[in-house]
Amino acid sequence: MSNFSNTSTCCEGALSGNISLAVAYALLAISGSFGNLLVIYLVYSVRKLRNTSNAFIVNVCAADLLVCTLWMPQETVALTQSPGLAASTGYQTFTGGLLFLGLIVSLFSHSLIALNRYALITKVPAAYRNIYRRRNAAGMIATSWVLGALLLLPWLTGQVRTHRHHGGCAHLRLLVLALSDGCLTRLSPYTGSVTASTILAQTAVLLYSYFKIFRKVQVSVKRVSVLNFQLINNLSYPFARKDKKLRFYVSFVLCVFILTTEPFLWVILFGLFEPVPNLLYNVSWLLFSLLFVVSPYLYTRKNEEFKKSLRSVIRVEFSRASVGVEPVIQVVSR
């Protein structure tokens, strides 16, 4: 099974121990698929939402869909099956590649969103428009996928040799290199190093960008909402009055990324040198998986344009569904 999770209980013949993990993956898959698909649908169906900033949000949602819609359901089924019913090696490699690609591109996309917000708030409008022209934004998005594919190639080329060294029910994995006695997990040096490096780079970019945003807002005459990233002029009160909600939003965004990524980062770093307890590994990975689910809510929950667009789309769909009923009601009333 090509995954980041550890299924050593399967080797030990205790499949019941995987039920809770399978249920967690199922819940994450449903909520993550719904949220990411909804954001993508709104951006492409509402013309007002088609801008450069939302293009980066769509990009992170597309990467998260690779994990939530394609990998998590397969992992849910695999955790409840016996080793003899495991999928073929080719399919395991395919789903593992989708997981790795979605993970790397998602982390790159979060960094691109942070940099976009940093330029939007701290740079003059002319400079921002010059940096984020449509062609430049498309190039940044394409680069995130190209880099993810290039980082995936060394893993793909080493799968045949890795699979030959696994025996029994030690399934093919993306991050897990081998299983040792005592419910411990050994991590693959390449994928572990790449994942850890990407998380570290993303954390550095986010901390720098949001810190600069916070500093800019404190000395600016404009009020900035960090979650919907809109600049509002002509305030009814002087900016000397501190906006407590703003500080809360900045802290909220950073805390979400730190709580979801940092535990898994330290587990990976430790696992590159010593085996990691399965329970610690699974808990840290589930926390990290939450990032694929909360991304659309994190960037759109406080965005009034998304809320208005969602309400308008729901009204349109409801009115279309009621077209066939309305004439009958009119006839009866007559």
Side-chain angles (χ1 to χ4, degrees), residues 1-9 17-18 20-29 31-32 35 60 63-64 66-68 71-72 75-76 79 96 99-111 113-114 151 173-180 182-211 250-299:
M1 170 176 9
S2 264
N3 60 2
F4 277 77
S5 67
N6 178 21
T7 56
S8 62
T9 53
N18 292 329
S20 58
L21 194 59
V23 172
Y25 280 136
L27 295 176
L28 291 175
S31 56
V60 74
D64 292 343
L66 292 182
V67 181
C68 295
W71 177 79
M72 284 184 180
E75 185 68 7
T76 301
L79 284 169
L99 172 61
F100 184 80
L101 181 63
L103 185 152
I104 297 299
V105 176
S106 179
L107 293 176
F108 285 161
S109 300
H110 286 297
S111 300
I113 292 175
L151 292 174
R173 291 172 175 83
L174 181 59
L175 189 64
V176 177
L177 179 63
L179 295 175
S180 59
C183 293
L184 299 177
T185 300
R186 294 186 181 274
L187 303 183
S188 169
Y190 174 75
T191 50
S193 301
V194 171
T195 305
S197 300
T198 307
I199 294 176
L200 283 172
Q202 182 218 35
T203 303
V205 171
L206 263 62
L207 288 175
Y208 175 82
S209 300
Y210 286 114
F211 177 75
V250 173
S251 302
F252 174 74
V253 172
L254 291 178
C255 285
V256 167
F257 284 103
I258 291 175
L259 292 176
T260 55
T261 60
E262 296 308 304
F264 189 58
L265 170 64
W266 288 107
V267 168
I268 292 177
L269 294 177
F270 180 81
L272 293 176
F273 304 98
E274 296 291 339
V276 179
N278 294 339
L279 179 61
L280 178 62
Y281 182 85
N282 288 332
V283 171
S284 64
W285 168 246
L286 285 176
L287 283 175
F288 184 76
S289 299
L290 286 175
L291 187 61
F292 305 117
V293 178
V294 302
S295 295
Y297 306 101
L298 183 66
Y299 293 121

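Sequence positions, counted from 1, serve as the residue numbers for this chain. We use all heavy atoms of the structure for the numbers below, so side chains are in, but hydrogens, waters and symmetry mates are not. Just so it is clear, the structure is predicted and the values come from calculations on it, not from any experiment.
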Quiz item: So which heavy atom on Phe264 is nearest to which on Ser284, and how close?
Solution: CD1-OG, 3.6 Å

Quiz item: Rounded to the nearest 0.5 Å, how far does CG of Leu206 lie from CG of Leu107?
Solution: 10.0 Å

Exercise. Check whether any side-chain heavy atom of Leu298 lies under 4.5 Å from a side-chain heavy atom of Val256, and answer yes or no.
Key: yes

Practice problem: Find out whether Val267 and Trp285 are in side-chain contact, i.e. whether some heavy atom of one side chain is under 4.5 Å from a heavy atom of the other. | Solution: no

Practice problem: Test Leu66 against Leu99 for side-chain contact (heavy atoms from CB on, under 4.5 Å), laying out the working first. | Solution: CA-CA 7 Å; Leu66 292 182; Leu99 172 61; over 6 Å; no

Exercise. Compare every heavy atom of Ser109 with every heavy atom of Val60, then report the nearest pair and how far apart it is.
Key: CB-CB, 3.6 Å

Practice problem: List the steps, then state whether side-chain contact (heavy atoms from CB on, under 4.5 Å) holds for Ile268 with Val276. | Solution: CA-CA 9 Å; Ile268 292 177; Val276 179; over 6 Å; no

Practice problem: Mind checking side chain to side chain donor-acceptor pair (under 3.5 Å) for Thr203 and listing every partner two or more places apart, or none if nothing turns up? | Solution: Glu262

Practice problem: Please tell me if the side chains of Phe270 and Leu280 come closer than 4.5 Å, counting only heavy atoms from C-beta onward. | Solution: no

Quiz item: Roughly how far apart are Phe292 CZ and Leu290 CG, rounded to 0.5 Å?
Solution: 10.0 Å

Quiz item: side-chain contact (heavy atoms from CB on, under 4.5 Å) with Leu265: which of Thr198, Thr195, Leu200?
Solution: Leu200

Quiz item: For the atom pair OG (Ser193) and CG (Leu272), what is the distance rounded to the nearest 0.5 Å?
Solution: 5.0 Å

Quiz item: What residues form a side chain to side chain donor-acceptor pair (under 3.5 Å) with Ser295, not counting sequence neighbours?
Solution: Asp64, His110

Exercise. Indicate the atoms forming the closest heavy-atom contact of Ala114 with Tyr210, along with that distance.
Key: CB-CE1, 4.2 Å

Exercise. Calculate, to the nearest 0.5 Å, the distance between atoms CG and CG belonging to Leu28 and Leu291 respectively.
Key: 11.5 Å

Exercise. Indicate yes or no for a side-chain donor-acceptor contact from Thr260 to the backbone of Phe257 under 3.5 Å, with no hydrogens or angles considered.
Key: yes

Quiz prompt | Separation between CG of Leu286 and OH of Tyr281, rounded to the nearest 0.5 Å | solution = 10.5 Å

Self-check item: Main-chain N/O of Val194 paired with Ser197 side-chain donor or acceptor, under 3.5 Å
Solution: no

Exercise. Might you confirm whether atom OH of Tyr190 has over 12 heavy atoms from other residues, nucleotides or ligands at distances under 6.0 Å?
Key: yes

Quiz item: Do you know which two heavy atoms are closest between Tyr25 and Glu75, and how far apart they sit?
Solution: CE1-CG, 3.5 Å

Practice problem: Please report the closest heavy-atom contact between Gly32 and Cys68, naming both atoms and the distance. | Solution: CA-SG, 3.8 Å

Quiz prompt | Exercise: identify the closest heavy-atom pair between Ala63 and Ser106 | solution = CB-N, 3.7 Å

Self-check item: Rounded distance [0.5 Å steps], CG in Leu103 versus OG in Ser289
Solution: 8.5 Å

